[in-house]
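Have a look at the structure below, then the notes.
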Amino acid sequence: MKKAICGFLKQTALEAVGAFLVALATYNVALYAKFPMTGFSGIALILYRLFRIPMGVSSLLLNLPLVFLCWKLIGRNFLLKSFRCMILCSVMLDHVAPLLPVYQGDRMIAALLTGTLCAIGYAIVYLEGSSTGGLDFISMAIKALRPHVHLGTITFSLDLGIILAGAFLFQDLDGIVYGLIVSFLCSALIDRIILGMNIGQMALIVAPSGMGKMICDMIDDSTKRGSTIFPAKGGYQEDEKDVVMVAGSAKDIYRVQRILKEKVPEAFIIVMESKEVQGEGFRITRVAGG
């Protein structure tokens with residue numbers, strides 16, 4: 001029971017941090033830079049500039065229909081956590097962000113700040129298996145139907161229409177450029193932060209025949225990583241070779257490189273970056289139950 005309570009408090013605290021960063025980017029930077037924002041935050045910002053409707057309230061009201069439309073596809077647990085996060089975002093937008101100073105400097109810097117703060121905030125929320133609602137629900141629904149599509153790509157596509165609408169309403173063509181910068185930066189950083197949790201490296205080690213088992217033992221001793229031996233043949237002399245494949249962190253592969261240089265100098269190693277490494281011994285970060 002105590003563990004469950006601690007887990008709940010930790011998750012809520014992280015969601016509050018994420019919601020605060022999103023609110024900071026929206027109210028304290030984007031609003032005063034007067035360029036179109038993305039997602040339901042962008043719609044709330046438009047309503048605020050036109051009718052002075054509090055952004056937190058309008059964002060929450062806009063979300064309610066989506067809650068009923070998406071609950072079957074996404075699941076009740078995810079929606080309940082997201083509803084909690086939506087309330088946190090509304091409170092941060094209407095009651096916390098207005099207490100802080102605003103940025104009124106260069107619009108390009110404002111765009112970079114907005115995209116970066118939003119990306120970090122959204123990524124924190126997504127990594128906790130929640131969302132801030134709005135187009136996030138639609139994004140997660142599409143992600144559930146098309147899991148191979150990156151979350152950032154989905155978000156960028158949905159946001160484009162809102163950016164164009166905001167620029168058209170306020171007759172601000174430069175705003176389209178700044179809005180696209182915000183959306184692109186935000187989506188790219190979200191993907192980088194989330195996928196970065198699972199990024200690893202893969203090494204292919206080519207050695208003379210019979211040395212594969214010794215290299216596997218060295219890898220196991222130095223990194224505690226498993227490896228695989230493939231029989232191979234040289235392309236020029238057609239002599240027998242052993243190819244050893246191993247996956248691990250950048251630190252693991254560096255250790256492998258160092259020990260090979262010391263003990264098996266005749267072997268050569270090819271190192272490649274892997275977007276995601278899954279399986280036994282690797283901690284996988286999942287988003288929204290994916």
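The structure presented is a predicted model; accordingly, all values stated were derived computationally and were not measured.
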Using distance only, find each side-chain donor-acceptor pair of residues 15-22 under 3.5 Å and give its atom names and separation, not counting sequence neighbours.
| from | atom 1 | to | atom 2 | distance (Å) |
| --- | --- | --- | --- | --- |
| E15 | OE1 | R84 | NE | 2.9 |
| E15 | OE1 | R84 | NH2 | 3.1 |
| E15 | OE2 | R84 | NH2 | 3.0 |

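Side-chain N or O atoms of D242 include none that pairs as donor or acceptor with a backbone N or O of A207 at under 3.5 Å. Between the side chain of T116 and the main chain of L113, no donor-acceptor pair closer than 3.5 Å is present.
The shortest side-chain heavy-atom distance between M211 and P208 falls under the 4.5 Å cut-off. I215 has its side chain within reach of L260: a pair of non-hydrogen atoms, C-beta onward, lies under 4.5 Å apart. Between I43 and S58, the closest side-chain pair of non-hydrogen atoms is not below 4.5 Å. No side-chain heavy atom of Q201 sits less than 4.5 Å from a side-chain heavy atom of M272. Using a 4.5 Å cut-off on side-chain heavy atoms (C-beta onward), V256 and I205 make contact. Side-chain contact check for L31 versus R49: some heavy-atom pair is nearer than 4.5 Å. Side-chain contact between I124 and Y122: absent, with no pair of heavy atoms (C-beta onward) separated by less than 4.5 Å. The shortest side-chain heavy-atom distance between L24 and L100 falls under the 4.5 Å cut-off.
Between Y27 and P98, the shortest heavy-atom contact is CE2-CA, 3.6 Å. When every heavy atom of A203 is checked against every heavy atom of I269, the shortest pair comes out as CB-CD1, 3.7 Å. Across all their heavy atoms, G212 and I229 have their closest contact at C-CD1, 3.6 Å. When all heavy atoms are compared, the tightest approach of L185 to L112 is CD2-O, 3.5 Å.
Residues V271 and V264 fall within the same hydrophobic cluster, defined by Ile, Leu, Val, Met, Phe, Trp and Tyr side chains chained together at heavy-atom separations under 4.5 Å. Linking Ile, Leu, Val, Met, Phe, Trp and Tyr residues whenever their side-chain heavy atoms come within less than 4.5 Å leaves Y178 and I109 in two separate clusters. Linking Ile, Leu, Val, Met, Phe, Trp and Tyr residues whenever their side-chain heavy atoms come within less than 4.5 Å leaves V29 and L180 in two separate clusters.
Using a cut-off of 4.0 Å between Lys/Arg side-chain N and Asp/Glu carboxylate O, K224 and D220 are scored as not salt-bridged.
Results of the side chain to side chain contact (heavy atoms under 4.5 Å, CB included) test with D252 over I219, V246, T223 single out T223 as the only residue that passes.
For V206, the side-chain contact (heavy atoms from CB on, under 4.5 Å) partners are K241, V243, F268, not counting sequence neighbours.
Checking Y254 against R258 by side-chain atom types alone, no donor-acceptor pair falls below 3.5 Å.
Applying the side-chain hydrogen bond (donor to acceptor under 3.5 Å, both in side chains) test to pairs two or more places apart or on separate chains, those with a residue in residues 87-107 are R107-D172.
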